[in-house]
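Here is the naming used below: chain letters follow the sequence lines, and residue numbers restart at 1 for every chain.
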6 protein chains.
Amino acid sequence: MRPSGRAPDQMRPIAIETAFTIHAEGSVLVAFGNTKVLVTASVEEKVPPFLRGKGQGWVTAEYGMLPRATHTRGSREAAKGKQSGRTQEIQRLIGRSLRAVVDMKKLGERQIVIDCDVIQADGGTRTASISGAWVALRLAVDKLLEAKAIAEDPIEDRVAAISCGMYQGTPVLDLDYDEDSNAEADGNFVLTGKGQIVEVQASAEGATYDEEGLLRLLRLARIGCGEIFAAQAKAVGR
Amino acid sequence: MRPSGRAPDQMRPIAIETAFTIHAEGSVLVAFGNTKVLVTASVEEKVPPFLRGKGQGWVTAEYGMLPRATHTRGSREAAKGKQSGRTQEIQRLIGRSLRAVVDMKKLGERQIVIDCDVIQADGGTRTASISGAWVALRLAVDKLLEAKAIAEDPIEDRVAAISCGMYQGTPVLDLDYDEDSNAEADGNFVLTGKGQIVEVQASAEGATYDEEGLLRLLRLARIGCGEIFAAQAKAVGR
Amino acid sequence: MRPSGRAPDQMRPIAIETAFTIHAEGSVLVAFGNTKVLVTASVEEKVPPFLRGKGQGWVTAEYGMLPRATHTRGSREAAKGKQSGRTQEIQRLIGRSLRAVVDMKKLGERQIVIDCDVIQADGGTRTASISGAWVALRLAVDKLLEAKAIAEDPIEDRVAAISCGMYQGTPVLDLDYDEDSNAEADGNFVLTGKGQIVEVQASAEGATYDEEGLLRLLRLARIGCGEIFAAQAKAVGR
Amino acid sequence: MRPSGRAPDQMRPIAIETAFTIHAEGSVLVAFGNTKVLVTASVEEKVPPFLRGKGQGWVTAEYGMLPRATHTRGSREAAKGKQSGRTQEIQRLIGRSLRAVVDMKKLGERQIVIDCDVIQADGGTRTASISGAWVALRLAVDKLLEAKAIAEDPIEDRVAAISCGMYQGTPVLDLDYDEDSNAEADGNFVLTGKGQIVEVQASAEGATYDEEGLLRLLRLARIGCGEIFAAQAKAVGR
Amino acid sequence: MRPSGRAPDQMRPIAIETAFTIHAEGSVLVAFGNTKVLVTASVEEKVPPFLRGKGQGWVTAEYGMLPRATHTRGSREAAKGKQSGRTQEIQRLIGRSLRAVVDMKKLGERQIVIDCDVIQADGGTRTASISGAWVALRLAVDKLLEAKAIAEDPIEDRVAAISCGMYQGTPVLDLDYDEDSNAEADGNFVLTGKGQIVEVQASAEGATYDEEGLLRLLRLARIGCGEIFAAQAKAVGR
Amino acid sequence: MRPSGRAPDQMRPIAIETAFTIHAEGSVLVAFGNTKVLVTASVEEKVPPFLRGKGQGWVTAEYGMLPRATHTRGSREAAKGKQSGRTQEIQRLIGRSLRAVVDMKKLGERQIVIDCDVIQADGGTRTASISGAWVALRLAVDKLLEAKAIAEDPIEDRVAAISCGMYQGTPVLDLDYDEDSNAEADGNFVLTGKGQIVEVQASAEGATYDEEGLLRLLRLARIGCGEIFAAQAKAVGR
């Protein structure tokens, strides 16, 4: 029995609110149950130094958590003067996940910076960030296409992400905080709209697992990503 | 004529949404027109080192701006590894403003940390932060009173803040970004419910001003704070 | 009764010693009683990145306090690896105050950096810094004029600053440390030679104050700045 | 055809030299072909703050790369003043991998710190680090057992790690640098001696992959880890 | 011929002004010609962590240079966020030099912190700092003796320091900036009142030197330290 | 009697292994008894900003110690976020020592970066670093000569370094850790192949010393450097 009463393959309600803020080229408030992340996509007409003059673009991401997004207040990374290893790990994952579906040549010499800021946390903030980031990216690229700044759509596929894990011996989908902190194993799966794998990160926490366990988590992830793709499609209107 | 078409003494619409997030003891989304700040109040059962064992509490504040809260993306302070001088100046002001109306003895040996994170910026983020922070603080203290953790209410008065400035020679109330970046003078006023001054910070930008100018700004601030006190009262239900 | 025995509107003795060090284009040791600040103005033939190619100059300031300028030793900011919020707040105020009376076009594409280092502290270090900085700036600009590096004097007016506060219910001028640490309210006033206001920063410490209180502090500030302008004039020889 | 001429399921030669340095409780130079990592295990009779008084131990890891371990010199993290996101990601992975096979209660209130310093890099430094770290940990724990500092062996299983990837459409085992920088997909697999999965991190680089691809990489990883377990057993003499 | 016209063994005028600032237990402005350093000694009734409970004291030093102490403005270390290698090297040397003549047991469990801040630089700032620091230390210890906080004088000897170097083939004493920046070799010598060596740091700059060269520099240093000891004696009144 | 049983003028066995790693232009593992340092020389076709366009090259050095190179684990400088004063002092000494024998004009506009990483420490790590660094530099320059990237050999002489000290009243050569931590005085001597002095750094630790003491240490250093020059010659094959 899951603490939330959900079935093992049952997602939390997904909400994707676009245009949540007014300045960003793409702006999304994405919620998976009580996990809420504000994601913005900012178009910058420059690329990082290692890409200058190479005729291609870049997509990168930054991640942060508001100090009181969690049950007890965490210290503010800006005040501590550095980002934690966890933060850096997550923002690298978000960037890689999006780049896997973007043709950098078609994007042209510009950078899209994705900012994922967790307003409220209840497990699954990195996967909610990726799922919302694709929508913010899609909206920002649509503006570039409308403005004819780019000729061809550089986004080749959709991307969504979800966490699955072993909870009291059962594989469950979309872990919330209560489950996440007690799971025996915990995996984050990033999948494309065509069903391909972009990234798997699956860790034993209390107990190691076997190949069959990995596959069962992956199959749950497919179910979850299917729902996310539907929510993304609705949010971007196609 | 103001860019927004407002009258010189006309505020932007104020919205204060309480319980915007679930974990914090006090949580408020405060909006002054397009300026939106998420403010949380977190109760911690400890005090900073310089107050240990002195039988009194503390109220402090931190401030941040999401990278794309603004027209063009600003760099993330956590990634840069330090808070800007502007950020530190603002968070010190917020803390001082709240402490001016709190009896630290009555609060007992605990700290309330106010986090003000700007979701969307259109001028006046520091004054919106102070005005919202008082509501978050009020809500957090109410919980302590209900839980009988403290016996007497430590909050002695209300506090609100607003910016006023000289725009094209006219004193105007509640500057938005367009006005703020072109004002000849710019002042932030923090007032109590009883009409006392907590803090005045008024700077010449393009032109210096005289005593009469200062008083005209202060009088506008009184009008503005009156509206804010009404919105605060409605938000906290009394 | 003030701890120093001074009358409420009585300043401490002001001393401004020019050419205190030999390398800087402008160098001043300014003393307000026991508060002593070494101020230098350094002319640099370049401007910050945001002004490059815009045909104008810049004036900026940095502030520091020697570790044992105070009663008990404070830690060295260079050793701690960051400047405190207080330091940043002060150096931003000094820079703004000077820029209010400088025509940046006339200065040309160069920067004048003001360094204010507190040798000995007894209250009022930021206002002494501003008052001395104007002299150092004046001396450095005079050299530029003599060398015909600039054609027209870019300094449009004098600037001086003084603190006033409510001490045991009485408005007093030029607070020393004993008064500053016990004042009910404390204000820093930056005025021009023509009597205009450049900046007011007035904070309630122990008690809030009203409009009349603010005006009484401002009037004391006018008296104090009058004395400072006389001392500045004598120091620069006109 | 692999650049090295190896068969798809062929590992590079593995060498594990124990007692490479004299001070550490466990010290290992581990080589996978040209990748060489110096791993030490240091026993400290204290635990991190979050575990104090809980009657259990901790195992943690730090990772670094000497500036000229690589083809072109990289900057020294100590001189830059921070560890990169990649470094932090790797050292977190090493720590998690080891903790998965250690019973922290049996270890007692002490910490074992694993330092993995890459002397020479040619791909696979993180997996070499994990594989060598288990040996260093085993040696350090053996000393604790011999000294009767702990009563029961806290190490419950072996752990090894290897990278596999899709190179020119073929799944290959133990990627070297030439392959790693051109692989379409790249996975790091951490397995226990009993064949359980501790961690899978598999990322699409140039092309996404499917479930069958993931399983083929996992099966190659089993082959590789088998060889590593044999080399570990020889190194620790059992 | 030396740029200053001095004879090879001629020092610059030495001035040691005590009680230059009022708060520190010892306060000295020391000048060697145009090199001026403000040195304070602060007594703290605590010791660094590594000495707690060991029944002995400590003497340590910090060094800084005001940004415009030099011909062209240097950046402020507090603003850059770190002390340079040169600064750290110098402050370590000052601390070692003083500790060589202090009996830490007699000092008791307290720390004396020496702050050396260069007001104006013209070569030899580190040796001026050491020479002035001994005076500041002497004054601070005298206060402890007068207050009977310590029973026996912990200062066992005097310490002075001077730089010598090879300038255009000639050994010269007390290098100023013009000489220092063109010297073939440059040495800093720290000597005790009894003529013993505390520290020698002699570096080839443009040309290496031989044993005879080292001895000639050392003999010049003895002459210079003799003058400094006389000035120190006069400053402390014995 | 020395703890190691060595005669006062007896060095530890010296071993210099070239080509220890494969990527660097010069790579050396240098051992003085149990002290082992990995030194690499990296050729970079650029110079630091202060030398751009001046038609000359540069040689610089960085130094680090692996956390468990020592008896008890030291904290990792990269994790602490800064290099210690000791580290910076040492790397500055290494750079100066090498530059003393290199003609920067002949090197051309390129930089050679020396990295000295202590694998195992038993006293004398800075002098072993310098002695090994000369070999790594020699090897890297030989490659430039072979490739005809430079026309004339910029290395004008050999350089070696050794520590000597007063141990229980006797001058001894090549201090190991046991001696170093108990020596009354401790000196590092950097000499050229022609017998000239590059640098002397001699500090009193427990007792000051006199001129005769300094000369006795210097004479021991000559003996030691003679042995090092022989080992260097053998390592570079001439």
- Task: Under 4.5 Å, heavy atom to heavy atom: which of residues 76-91 of chain C reach chain B? Give them by number, or say none.
- Result: Gln83(C), Ser84(C), Gly85(C), Arg86(C), Gln88(C), Glu89(C)

- Using non-hydrogen atoms and a limit below 4.5 Å, what part of residues 183-193 of chain B faces chain C? Thr192(B)

- Message: Looking at Tyr177(C), I want to see if its OH is surrounded by more than 12 non-hydrogen atoms of other residues, nucleotides or ligands under 6.0 Å.
- Response: no

- Anything in residues 212-220 of chain C with a heavy-atom distance to chain B below 4.5 Å? Please list those residues in order. Leu214(C), Leu215(C), Leu218(C), Arg219(C)

- Might you work through the side-chain contact (heavy atoms from CB on, under 4.5 Å) test for Ile197(B) and Thr208(C), ending with a clear yes or no? CA-CA 6 Å; Ile197(B) 300 172; Thr208(C) 53; 6.0 Å; no

- Message: Only pairs of heavy atoms separated by less than 4.5 Å count here; which of Glu205(C), Gln196(C), Lys194(C), Glu211(C) has the most with chain B?
- Response: Gln196(C)

- Using non-hydrogen atoms and a limit below 4.5 Å, what part of residues 52-59 of chain B faces chain C? none

- Message: I need the residue from Arg96(B), Arg99(B), Arg92(B) with the largest number of non-hydrogen atom pairs under 4.5 Å to chain C.
- Response: Arg92(B)

- Relative to chain B, which of Ser203(C), Ala100(C), Ala207(C) shows the most heavy atom pairs under 4.5 Å? Ser203(C)

